[in-house]
Novice: 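First the structure, which I've put down as structure tokens, then a few questions once you've had a look.
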Amino acid sequence: MSALYDRFYAVVRRIPRGRVASYGQVAELAGLPGRARQVGYALRALPSDTVLPWHRVVDARGRLSPRADPDGIRYQRYLLEKERVEFGEDDRIPLERFGWRPRGARREADT
DNA sequence: TTTATGGCTGTCA
DNA sequence: ATGACAGCCATAA
């Protein structure tokens, strides 16, 4: 178990359907700005039967990040399209339309 | 302990 | 627009 990962997971869990957040955004909302890469680690470590909407996390430009398994991206895209998230010509998601904009900008830290 | 490698990102050429 | 680099730093070897 990892307290660090739990913080990231807590944020990912709040991403609404049909919306996506970037790794950096997740890290920041978790109160740990600059740890985008660690968010990637946290998601990579998720079990296949997780309930977390890990597929709603994309990179800063709205694209799916490459990983060890190339099919993982297709699956992620499938899950997103199933939630009505659209991809552009260059396989990018228009963040201005599908990017998650949390209200109150609450963070895990303080409050 | 040290090195290498990441599901990243902002900056600069 | 693309590509190289430098920070971030947890994990694995």
Side-chain angles (χ1 to χ4, degrees):
Chain A
M1 288 303 295
S2 162
L4 174 64
Y5 286 9
D6 286 339
R7 294 175 73 119
F8 293 145
Y9 295 156
V11 174
V12 174
R13 209 176 338 239
R14 308 206 285 268
I15 305 176
R17 290 228 277 151
R19 286 308 185 71
V20 297
S22 74
Y23 293 89
Q25 186 178 6
V26 169
E28 189 167 3
L29 290 170
L32 298 167
R35 308 298 181 73
R37 212 157 189 169
Q38 272 51 244
V39 173
Y41 270 93
L43 298 187
R44 183 191 61 173
L46 287 171
S48 54
D49 60 357
T50 182
V51 294
L52 274 171
W54 57 273
H55 54 280
R56 299 187 190 136
V57 182
V58 301
D59 76 15
R61 296 177 195 163
R63 290 199 291 174
L64 307 186
S65 294
R67 70 201 57 172
D69 179 9
D71 290 322
I73 289 184
R74 293 193 312 177
Y75 179 51
Q76 180 173 10
R77 176 163 180 160
Y78 159 74
L79 290 174
L80 288 172
E81 294 185 317
K82 204 171 60 172
E83 294 185 353
R84 299 171 170 286
V85 170
E86 298 165 29
F87 287 74
E89 289 283 317
D90 50 354
D91 300 300
R92 272 198 324 152
I93 296 170
L95 295 180
E96 57 275 6
R97 282 198 289 157
F98 301 100
W100 177 39
R101 290 155 219 176
R103 320 244 169 219
R106 48 177 159 176
R107 286 171 293 148
E108 288 308 301
D110 63 70
T111 317

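Worth saying up front: this structure is predicted, and the values here are computed from it rather than measured. Below, chains carry the letters A, B, ... as their sequence lines are ordered, and counting in each starts from 1.
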Novice: Evaluate side chain to side chain contact (heavy atoms under 4.5 Å, CB included) for A/R67 paired with A/Q76, printing each intermediate quantity in order.
Specialist: CA-CA 11 Å; A/R67 70 201 57 172; A/Q76 180 173 10; 2.6 Å; yes
Novice: Taking CD from A/E28 and C1' from B/dG10, how many angstroms apart are they, rounded to a whole number?
Specialist: 13 Å
Novice: I'd like a list of close polar pairs between nucleotides 5-7 of chain C and the protein, N/O only, cut-off under 3.5 Å.
Specialist:
residue : atom : partner : partner atom : Å
C/dG7   : O6   : A/R37   : NH1          : 3.3

Novice: Think A/S2 has a side-chain N or O under 4.0 angstrom from the OP1 or OP2 of C/dA10?
Specialist: no
Novice: Which of residues 61-70 of chain A sit near DNA chain B, with a heavy atom under 4.0 Å from it?
Specialist: A/S65, A/P66, A/R67
Novice: So if I take residues 38-49 of chain A and measure heavy-atom distances to DNA chain B, which residues fall below 4.0 Å?
Specialist: A/Q38, A/G40, A/Y41, A/L43, A/R44
Novice: Hey, is the side chain of A/Y23 poking within less than 4.0 Å of OP1 or OP2 on B/dG6, counting only N and O atoms?
Specialist: no
Novice: Quick one: CZ on A/R35 to CG on A/L4, what's the gap to the nearest 0.5 Å?
Specialist: 7.0 Å
Novice: Whole-Å distance between B/dG10 P and A/Q25 CD?
Specialist: 11 Å
Novice: How does DNA chain C look in dot-bracket notation if pairs are Watson-Crick or G-U with both distances under 3.5 Å, crossing ones as [ ], other-strand ones as |?
Specialist: .||||||.|||||
Novice: Using 0.5 Å steps for rounding, measure from the CG atom of A/L80 to the CZ atom of A/F98.
Specialist: 10.0 Å
Novice: Mind listing the residues from residues 78-99 of chain A sitting with a heavy atom below 4.0 Å of DNA chain B? Number order is fine.
Specialist: none
Novice: Between atom CG in A/D59 and atom C1' in B/dC8, what is the gap in whole Å?
Specialist: 8 Å
Novice: Give, for atom OH of A/Y9 and atom CG of A/L43, the distance between the pair rounded to the nearest 0.5 Å.
Specialist: 6.5 Å
Novice: At less than 4.0 Å, is any side-chain N or O atom of A/R35 found next to OP1 or OP2 of C/dC9? Yes or no.
Specialist: yes
Novice: Just by modelled atom types, is the A/G18 backbone N or O under 3.5 Å from a matching donor or acceptor in the A/R84 side chain?
Specialist: no
Novice: Show the atom names and distances, to 0.1 Å, of all donor-acceptor pairs under 3.5 Å that link a side chain in residues 52-59 of chain A to residues at least two apart or in another chain.
Specialist:
residue : atom : partner : partner atom : Å
A/H55   : NE2  : A/E83   : OE2          : 3.0
A/R56   : NE   : A/E83   : OE1          : 3.0
A/R56   : NE   : A/E83   : OE2          : 3.2
A/R56   : NH1  : A/I15   : O            : 2.7
A/R56   : NH2  : A/E83   : OE2          : 2.8
A/D59   : OD1  : A/R61   : N            : 2.8
A/D59   : OD1  : A/G62   : N            : 3.1
A/D59   : OD1  : A/R63   : N            : 3.0

Novice: Could you tell me whether A/F8 contacts a base, only the sugar-phosphate backbone, or nothing, with contacts defined as non-hydrogen atoms closer than 4.0 Å?
Specialist: nothing
Novice: Roughly how far, to the nearest 0.5 Å, is the CZ atom of A/R14 from the CZ atom of A/R19?
Specialist: 15.0 Å
Novice: Are the side chain of A/Q25 and the backbone N or O of A/W100 linked by a donor-acceptor pair below 3.5 Å?
Specialist: yes
Novice: Just verifying a value: how many Å separate A/Y23 OH and A/F8 CZ, rounded to the nearest 0.5 Å?
Specialist: 12.5 Å
